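What follows is a single structure, written as structure tokens, with notes after it.
Values in this document were obtained by computation on a predicted structure and should not be read as measured data.
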Amino acid sequence: MNLLSKFLPRIEFDSYADFKKNYKVNVPENFNFGYDVVDEYARICPEKQALIHVDESDVITRYNFGQIKRLSDQCANVFASCGIGRGDVVMMMMKERPEAWLIIIALAKLGATVIPATYQLTPKDIIYRCACAEVKMICIAEDEDVIRHVRDSRDACPNVETIALVGDDVTARFGDEFLDFRAQMYAASADFVRPVGERAPRPDDTMLIYFSSGTTGMPKMIAHNFTYPLGHITTAKYWQHVEDDGIHFTMADSGWAKFGWGKIFGQWIAGSALVAFDTGRFHPDFLMRIIGEVRPTTFCAPPTVYRFLIKEDLSKGDFSSIHHCTTAGEPLNPEVFYRFKEAAGLEIHEGFGQSETSVIVANFGWDPIKLGSTGLPSPLYDIDIVDDAGNPCEDGTVGRIVVRNASTDHPVGLFTDYRKDPAAMEKAWRDGMYDTGDLAWRDSDGYLWFEGRSDDVIKCSGYRIGPFEVESALMTHPSVLECAVTAAPDPIRGQVVKATVVLARGFIPSEELKKELQNHVKKVTAPYKYPRIVEFTAELPKTTSGKIRRTEIREKDAGRGQA
């Protein structure tokens with residue numbers, strides 16, 4: 001069984017129009033994910049499968065909700081013994097250790113704020129986050145680089161009172177340098193008393209803070225309150241199509257907002273177990289083997305993973321257990337869609353959203369997929385396309401994606417504020433709208449076609465060129481594994497289209513291949529969009545969440561006056 005009926009007065013819908021018009025979320029008074037979802041499952045069906053953990057030695061461990069409740073209560077008692085309570089901030093760098101889930105739940109029960117952070121943070125990143133958010137405690141997974149970076153940061157983080165290390169025999173190996181979190185947790189009492197009075201969490205309190213990926217500047221603090229998990233019912237049930245008593249597998253580290261999208265909130269509410277792919281490795285062959293062993297029913301991965309998969313022999317994998325595939329993070333190139341469907345027999349349903357939101361626009365499944373389109377608006381949000389002055393755009397006109405009535409009718413799933421950043425708030429929230437900063441156009445059927453971040457659009461000789469269409473054209477060439485299209489400075493045209501290309505195995509950079517790629521784009525899309533500059537590279541610059549940092553390419557090109 002699942003808990004959807006506890007939060008949705010109606011679960012099944014006949015069409016997208018029915019879904020858009022009649023979908024509604026009931027927010028219980030004092031909703032708390034730890035108590036109202038995890039503990040409730042533990043009460044009514046404690047043996048229900050919750051988490052399947054695959055570790056670095058390929059050992060698979062399964063947890064049910066009864067175990068998750070008990071361990072999260074023990075975890076909460078450890079935090080309480082460290083002085084953590086309502087309003088305190090804890091940062092975690094946990095990879096996909098089982099403790100990542102337990103920490104999030106335990107802190108929710110205490111009313112504390114969690115900052116999910118990637119294990120790839122450098123000392124500079126750690127110091128910045130600890131200072132901005134006034135972090136009181138850090139929890140880290142045992143990893144040589146993470147330990148070194150935290151040690152190098154410690155003296156510059158005076159607010160941090162405790163650093164907990166999740167590993168085995170921590171005290172024996174590190175002395176009192178770190179709190180031995182795992183040993184403390186298993187030794188703690190499983191009797192946890194829910195806080196009351198001033199110590200009890202409130203729905204409007206801050207449950208978690210994501211730091212933005214920093215694609216265009218210093219990361220911002222994106223604050224969500226305790227109703228945030230309910231916004232991800234649409235993400236999990238209606239976009240990812242997770243199944244009650246099924247198994248959902250999202251490729252995401254616990255430090256990414258994608259973790260919240262695909263590895264805990266909406267999926268557990270809808271009754272699906274989750275896969276923790278805690279291996280520290282990504283290789284298509286290995287991923288395919290794990291899929292064959294774990295047998296997920298639904299699967300979600302960023303386009304990068306699908307791009308690598310289609311370059312392999314997918315006949316070696318067994319995808320027969322998977323009923324539905326999704327992707328988000330960046331636009332999906334049609335070539336990837338076709339190749340994956342041909343090899344695995346599965347269509348990839350694209351979705352769009354941000355760390356600030358749950359899924360905003362998606363191919364929900366009632367209507368046919370239009371390749372290149374991100375899909376149709378979520379019923380949670382009043383989505384519109386507007387010009388720079390905030391006026392609605394006609395169909396076919398590129399404009400800014402906004403959430404209307406965001407201030408007066410704040411939907412669950414939408415962030416509350418950019419913490420301590422009034423300039424960012426003023427830029428993003430105006431006239432009652434939340435401006436996502438992304439560009440798209442809408443067709444006559446209501447589908448949205450993503451053009452890119454407003455900073456990514458190329459203005460060349462009077463034309464506005466979105467990078468996605470050029471990237472999609474390049475991806476249809478067999479030599480291209482990955483690519484990023486950006487604006488490069490040009491003294492005559494102002495800007496020209498530049499393609500930075502990672503080649504597939506077996507292809508060697510050459511002037512002849514550059515010309516071949518340029519001519520290929522001219523044939524596939526409008527000739528004026530072809531990349532006048534083609535640069536080959538071993539890898540693309542990416543954020544810690546795996547998104548391509550086009551801004552880094554632009555900054556390098558601007559610094560040398562040419563690509």
Side-chain angles (χ1 to χ4, degrees), residues 52 54-60 96 240-241 246-253 258 262 275-350 363 369 371-372 471-484 499-510 513 516-517 520 524 536-540 542 546 548:
I52 302 168
V54 183
D55 73 8
E56 293 178 340
S57 301
D58 302 350
V59 174
I60 297 176
E96 292 191 56
Q240 294 171 340
H241 289 204
I247 298 171
H248 181 70
F249 188 174
T250 281
M251 297 280 291
D253 169 62
K258 185 67 175 173
V275 177
F277 193 51
D278 192 19
T279 65
R281 293 173 281 165
F282 171 67
H283 189 280
D285 285 340
F286 179 67
L287 173 61
M288 287 190 286
R289 181 167 67 78
I290 295 301
I291 287 173
E293 292 180 11
V294 175
R295 308 283 297 165
T297 49
T298 47
F299 180 71
C300 185
T304 297
V305 170
Y306 289 107
R307 286 196 290 265
F308 277 91
L309 281 172
I310 65 172
K311 300 296 183 180
E312 302 294 322
D313 180 5
L314 293 188
S315 66
K316 294 186 294 185
D318 180 3
F319 297 90
S320 61
S321 66
I322 299 176
H323 306 154
H324 195 77
C325 285
T326 46
T327 194
E330 291 195 322
L332 178 70
N333 305 107
E335 177 69 6
V336 177
F337 177 94
Y338 284 125
R339 293 279 299 280
F340 188 77
K341 182 178 180 180
E342 179 183 2
L346 294 161
E347 293 187 337
I348 304 171
H349 293 71
E350 188 175 350
N363 288 284
I369 293 172
L371 286 183
E471 290 171 357
S472 294
L474 284 165
M475 285 297 298
T476 62
H477 194 279
S479 70
V480 179
L481 178 63
E482 287 192 293
C483 62
T500 306
V501 175
V502 179
L503 292 175
R505 282 201 307 262
F507 290 88
I508 300 172
S510 68
L513 184 54
E516 185 177 332
L517 290 173
H520 179 77
V524 173
F536 298 113
T537 185
E539 60 182 2
L540 296 174
K542 294 179 180 177
I548 297 170

Q: Using a 4.5 Å cut-off on heavy atoms from C-beta on, say whether the side chain of Phe319 contacts that of Met288.
A: yes
Q. Should the heavy atoms of other residues, nucleotides or ligands under 6.0 Å from NZ of Lys341 be counted, would the total exceed 12?
A. no
**Q.** Sub-4.5 Å side-chain heavy-atom contact between Lys258 and Cys300
**A.** yes
Q.
Taking the six-membered ring for Trp, are His323 and His241 closer than 6.0 Å centroid to centroid?
A. no
Q) Does Glu96 use its side chain to pair, donor to acceptor, with the backbone of Ala276 at less than 3.5 Å? A) no
Q. So, the side chain of Ser321 versus the backbone of Pro296: is there a donor-acceptor pair under 3.5 Å, distance only?
A. yes
Q | Reported OG1-to-CD distance for the pair Thr250 and Gln240, which is rounded to 0.5 angstrom | A | 4.5 Å
Q. Would you say the side chain of Leu503 lies within less than 4.5 Å of the side chain of Ile508, judging by non-hydrogen atoms?
A. no
Q) When you look at Tyr338 and Leu371, which way does the side-chain contact (heavy atoms from CB on, under 4.5 Å) test go after all the steps? A) CA-CA 9 Å; Tyr338 284 125; Leu371 286 183; 3.0 Å; yes
Q. Salt bridge or not for Arg307 and Glu335, using N-O below 4.0 Å?
A. no
Q) Do Ser479 and Leu513 have side chains that get closer than 4.5 Å, going by heavy atoms? A) yes
Q) Restricting to pairs with a member in residues 288-299, which pass side-chain hydrogen bond (donor to acceptor under 3.5 Å, both in side chains), not counting sequence neighbours? A) Asp58-Arg289, His248-Thr298, Arg289-Glu293, Arg295-Asp318, Arg295-Ser320
